Q: 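The following block contains the structure, expressed as structure tokens.
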Amino acid sequence: MRTKRFFIALFMLVVSGQLIAQQFTTEIAFNKRQVYVGEPMQVSVSIYTSTWFTTGVDPGNIKVNGAFTVFFRTISVSKSINGKTHPGVEMIFNVFPFEAEDVTFPSLEINVESPAEGDFVGKPHVVKTNARTIRVMPIPPAFSADNWLVASGLSVNQNWVGNTAEVKVGDVLERTITRRADATLAELLPPIQWDSLNSVSLYPGRSSVSNNKSKTAISASRTEVMRYLFEQEGEVILPAMEFTWWNPYQQKLFKRTLAEMKINVLPNPDLGMLASVKDSLAVLAQQQLEAEQVEGPFTIFGFRPEVFVLIALLAVGLVWALLKLVKRISEVRRKSHEAYIHSELFFFRAFTRAMKNGGAVQSHLYRWIDKLELPEPTVEALIRTCGNSELQDRTHGKSLVSILSSISLAEWKELRGGYYAMVAYSGNKVVTGSLWINP
């Protein structure tokens, strides 16, 4: 007995020792102490185990209030902890604050699979990290918030639709400016501040933005369109446009400039079309503005694509289940109906209807009696076995025709009830074939 207890205690000690020996360590590291509004903070979330990971580590969707978050990649790492090398994974994020307030990178609960010490089968674990605060500096007072951009590089290109060398009153030139910035998001590219011009009406077109992400970098682009309607002859100067950005790696402000343009607007003898052109451009600009406001994120019937797919799958599953249920109910009803039309109850009801409506009473009577377990399939046997003494005396020795005319419908129902009372009393099970159903 003592030996048994010893081995049990030893086994529990070994198991508990293995459970205690397995360790998970988490670390969160920033690549800098603080950032400006719009400047990316690289956040590295590392998880180490004393054994190994049997499946990949997925951080899931992460939301940081007051900032945009971009997940880049997961890389394999290792670290020496208490003299032992622990393998791990490092998940790299870029966090872009868009408000001049400190933001909190939240505590994460990450599902991992890792075997215990001395084992090789991965077991699920939930590893929790600590929350950390990202210090955010406001835009420096010397810079305009309308033009503030943090990026590692910026390119600016423009394109004209129309002949800029030959412009008449009432002509329209369309100008497209595209900016491409590195290490930022399209949501952080400020819109162009267009200068107003004398004798020229401006009608904005539809802008477009996009993000391009690789495993190690992200870039963004923004394209904006402006239509110039020239309303008076003479020289028009389109002022130079400056685009500035703060490079966080070089800690310097850079700029790119689109040089000013001089356009000589010639007279136009057909000035009657000017009002029509203005109206058309105003309507087009309004439609494109409304389309930008309404469009928003891509949705399907008002749902995000992943939500719509989930709803669609649930709907398909529900329809499939309903079809199976309808098929099952139809099959049960079919079998029930088939059993009914072969049952004693069906033939008894057919017999009673014939009595009421004047049908083939005798034929229906014998078809019903054939469904009963009687000593012999006759009316006399039914009355002798299941009828009361008064009925037996009244029908004794009479012909079938006399019997049918002397027994009422209520007495036939009493005979049927007497039959089932006899069956119940005898304890015998009535069997009339595989399609039998109880009345």
Side-chain angles (χ1 to χ4, degrees), residues 19-82 84-114 116 122-140 148 150-152 183-188 211 213-218 220 246 248-249 297 304 306-307:
L19 293 176
I20 295 172
Q22 186 179 13
Q23 298 176 358
F24 291 98
T25 305
T26 62
E27 293 180 352
I28 295 182
F30 296 161
N31 68 329
K32 55 189 76 174
R33 295 177 56 189
Q34 55 191 7
V35 291
Y36 283 111
V37 174
E39 180 182 352
M41 172 73 82
Q42 180 174 298
V43 181
S44 299
V45 180
S46 302
I47 302 176
Y48 301 93
T49 175
S50 57
T51 55
W52 65 87
F53 294 111
T54 54
T55 60
V57 178
D58 182 8
N61 295 325
I62 295 176
K63 181 180 180 181
V64 178
N65 293 328
F68 301 110
T69 306
V70 179
F71 173 65
F72 277 98
R73 66 192 186 281
T74 299
I75 59 177
S76 298
V77 293
S78 62
K79 183 177 183 178
S80 178
I81 302 175
N82 297 327
K84 180 182 178 181
T85 300
H86 288 213
V89 293
E90 179 182 347
M91 294 162 284
I92 300 175
F93 304 84
N94 268 13
V95 179
F96 297 81
F98 54 77
E99 296 177 348
E101 297 179 359
D102 293 349
V103 298
T104 300
F105 190 84
S107 171
L108 306 179
E109 291 186 356
I110 303 174
N111 295 312
V112 300
E113 286 191 10
S114 178
K123 296 181 180 179
H125 301 270
V126 177
V127 180
K128 188 174 183 179
T129 65
N130 295 323
R132 284 197 59 181
T133 300
I134 298 175
R135 304 283 297 177
V136 181
M137 298 181 291
I139 298 171
W148 176 255
V150 179
S152 61
T184 190
L185 299 174
E187 292 82 355
L188 298 173
N211 290 310
K213 185 177 79 73
S214 66
K215 291 184 177 181
T216 58
I218 191 168
W246 173 262
Y249 306 104
R304 299 194 310 274
E306 61 272 19
V307 176

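Worth knowing before you read on, the calculation uses all heavy atoms, side chains too, and leaves out hydrogens, waters and symmetry mates. Just so you know, these numbers come straight off a predicted model, no measurement behind them. Heads up: numbering here begins at 1 and tracks the sequence.
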Q: Going by heavy atoms in the side chains, are I110 and M91 under 4.5 Å from each other?
A: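 Touching, per the 4.5 Å side-chain cut-off.
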Q: Using side-chain heavy atoms (C-beta onward) and a distance below 4.5 Å, is I218 in contact with L185?
A: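 The answer is yes, as the side chains (C-beta and beyond) meet within the 4.5 Å cut-off.
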Q: Is there a donor-acceptor contact under 3.5 Å from the side chain of T104 to the main chain of P106?
A: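 No.
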Q: Would you call the rings of Y36 and W148 parallel, tilted or perpendicular, where under 30° means parallel and over 60° means perpendicular?
A: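 Judged by the thresholds at 30° and 60°, the geometry between Y36 and W148 is perpendicular.
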Q: Please round to the nearest 0.5 Å and tell me the distance separating atom CD of E101 and atom CG of N65.
A: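 Nearest 0.5 Å value for the CD-CG distance: 11.0 Å.
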Q: Indicate yes or no: at least one non-hydrogen side-chain atom of T54 is less than 4.5 angstrom from one of W52.
A: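 Yes. Closest side-chain heavy atoms under 4.5 Å.
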Q: Could you check if a side-chain atom of W246 sits within less than 4.5 angstrom of a side-chain atom of P140, using non-hydrogen atoms only?
A: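 They are not in contact (no side-chain heavy atoms under 4.5 Å apart), so the answer is no.
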Q: Got a second to check how far K213's NZ is from F71's CZ, nearest 0.5 Å?
A: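 Those atoms lie 7.5 Å apart.
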Q: Within the structure provided, determine whether I81 and T25 are in side-chain contact (heavy-atom separation under 4.5 Å).
A: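 With C-beta onward as the side chain, the pair touches.
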Q: Would you say Y48 and Q23 make side-chain contact, with heavy atoms under 4.5 Å?
A: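 Side chain of Y48 against side chain of Q23, heavy atoms only: no contact under 4.5 Å found.
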Q: Can you confirm whether V35 sits close enough to P97 that some side-chain heavy atom of one is under 4.5 Å from a side-chain heavy atom of the other?
A: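 Yes - at least one pair of side-chain heavy atoms lies under 4.5 Å apart.
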Q: Given V136 and V37, is the side-chain contact (heavy atoms from CB on, under 4.5 Å) satisfied, shown in steps?
A: CA-CA 6 Å; V136 181; V37 174; 4.0 Å; yes
Q: Take a 6.0 Å sphere around NZ of K84 and say whether it holds more than 12 heavy atoms from other residues, nucleotides or ligands.
A: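 More than 12 within 6.0 Å, yes.
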Q: How long is the straight-line distance from CD of E113 back to NZ of K123, given to the nearest 0.5 Å?
A: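 Those atoms lie 12.0 Å apart.
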Q: Are the aromatic ring centres of F93 and F105 under 6.0 angstrom apart?
A: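 Ring centres of F105 and F93 closer than 6.0 Å.
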Q: Should we count CZ of R73 as having more than 12 external heavy atoms under 6.0 Å?
A: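 Check passes, neighbour count above 12.
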Q: Does the side chain of F68 come within less than 4.5 Å of E187's, by heavy atoms?
A: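 Sidechains of F68 and E187: in contact.
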Q: Nearest 0.5 angstrom please: E90 CD to S46 OG, how far?
A: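 If we round to the nearest 0.5 Å, E90:CD and S46:OG are 4.0 Å apart.
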Q: Looking only at the side chains, is there a donor atom on one of T129 and T26 sitting less than 3.5 Å from an acceptor on the other?
A: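 The criterion, which ignores hydrogens and geometry beyond distance, is not satisfied for T26 and T129.
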Q: Nearest 0.5 angstrom please: N94 CG to N31 CG, how far?
A: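 Going from CG on N94 over to CG on N31, the span is 7.5 Å.
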Q: Closer than 3.5 angstrom, by distance alone: can the side chain of S107 be matched with the main-chain N or O of N130 as a donor-acceptor pair?
A: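 Not a single qualifying donor-acceptor pair exists.
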Q: Find the distance between OG1 (T216) and CD1 (I92) and round it off to the nearest 0.5 Å.
A: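 T216 atom OG1 to I92 atom CD1 measures 9.5 Å (nearest 0.5 Å).
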